[in-house]
K.L.:
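Take a look at this one; I'll ask things after.
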Amino acid sequence: MNITEAEVHVMDVLWHRSPMSTEDIAQALQGRQAWKRATIKTLINRLLNKGAISATPDGRRYLYRPVLQHQDWMAEQRNGLLDRWFDGRLTPLVTHFAAHRKLRRADIEALKRLIKEYDGA
């Protein structure tokens with residue numbers, strides 16, 4: 001499911017607390033985004049059309065909750081990154097980050113433990 005950067009802001013609010021009304025979402029986004037209510041409604045409608053969220057009637061308003069779970073979205077993002085940039089391989093990803101960002105000693109030790117765990121040693 002392709003969720004835009006703007007839509008992720010709405011999803012993030014719903015992943016942390018739901019169900020929420022349009023007004024609740026707008027309030028939660030206040031201070032993070034300078035969006036008008038119409039923009040938020042458009043984003044909500046796009047997410048509904050994609051099946052990322054669901055709506056339940058609550059009087060004269062709707063309450064929204066995520067259908068797409070955060071961990072599932074994160075897995076899609078992670079796999080997409082690996083596939084697009086590193087041909088689906090993890091080693092070039094780690095090499096890239098190690099070359100462009102200094103690894104802390106704790107990171108190196110954690111990677112060693114991970115390799116031992118997967119290697120069966």
K.L.:
Return the minimal non-hydrogen interatomic distance between Ala98 and Leu103, and the atom names on each side.
P.N.:
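Closest approach of Ala98 to Leu103: CB-CD1, 3.7 Å.
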K.L.:
Between atom CG of Leu47 and atom OG1 of Thr42, what is the distance when rounded to the nearest 0.5 Å?
P.N.:
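Here the interatomic distance stands at 11.0 Å.
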K.L.:
Can you check whether Asp58 reaches Arg61 side chain to side chain, under 4.5 Å on heavy atoms?
P.N.:
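Yes; the side chains approach each other to less than 4.5 Å.
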K.L.:
Check the angle between the aromatic planes of Trp85 and His96 and answer parallel, tilted or perpendicular using the 30° and 60° thresholds.
P.N.:
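Taking His96 first and then Trp85, their aromatic rings stand perpendicular (interplane angle over 60°).
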K.L.:
Tell me, which pairs form a side-chain hydrogen bond (donor to acceptor under 3.5 Å, both in side chains) where one or both residues lie in residues 5-18, sequence neighbours left out?
P.N.:
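Listed by first then second residue: Thr4-Glu7, Glu7-Arg46, Glu7-Lys50, His9-Gln33, Asp12-His16, Asp12-Arg32.
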K.L.:
Could you measure the distance from the CG atom of Leu29 to the CD atom of Gln27? Nearest 0.5 Å is fine.
P.N.:
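The CD atom of Gln27 is 10.5 Å from CG of Leu29, to the nearest 0.5 Å.
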K.L.:
If you take all heavy atoms of Leu63 and Pro19, which pair is closest and at what distance?
P.N.:
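Reported closest heavy-atom pair: CB-CB, 3.8 Å.
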K.L.:
Could you tell me which non-hydrogen atom of Ile44 sits nearest to which non-hydrogen atom of Ile53, and how far apart they are?
P.N.:
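In terms of heavy atoms, the two residues are closest at O-CD1, 3.6 Å.
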K.L.:
As an exercise, state the distance from CD1 of Ile40 to CD of Glu23, rounded to the nearest 0.5 Å.
P.N.:
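If I round to the nearest 0.5 Å, the distance is 10.0 Å.
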K.L.:
Checking Glu109 against Arg113 for the salt bridge (charged side-chain N to carboxylate O under 4.0 Å, His left out) test, could you report, in this order, the C-alpha distance in whole Å, the side-chain angles of both residues, the deciding distance, and whether it holds?
P.N.:
CA-CA 6 Å; Glu109 294 304 320; Arg113 284 191 304 275; 5.1 Å; no
K.L.:
Measure the CZ-OG distance between Arg60 and Ser21 for me, rounded to the nearest 0.5 Å.
P.N.:
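Reported value, rounded in 0.5 Å steps: 13.5 Å.
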K.L.:
Sequence neighbours excluded and cut-off under 3.5 Å, please list the side-chain donor-acceptor pairs for residues 68-76, or say none.
P.N.:
residue, atom, partner, partner atom, Å
Gln69, NE2, Val67, O, 3.4
Glu76, OE1, Met1, N, 3.1

K.L.:
In this structure, would Leu81 and Leu90 fall into the same cluster of hydrophobic residues linked by side-chain contacts under 4.5 Å?
P.N.:
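Same cluster: Leu81 reaches Leu90 through Ile, Leu, Val, Met, Phe, Trp or Tyr contacts under 4.5 Å.
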K.L.:
Of all heavy-atom pairs between Ala52 and Met11, which one has the smallest distance, and what is that distance?
P.N.:
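Minimum heavy-atom contact is O-CE, 3.7 Å.
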K.L.:
Which residue pairs satisfy the ring-ring contact (aromatic ring centres under 6.0 Å, His included) criterion with at least one member in residues 48-67, sequence neighbours excluded?
P.N.:
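Sorted pair list comes back empty.
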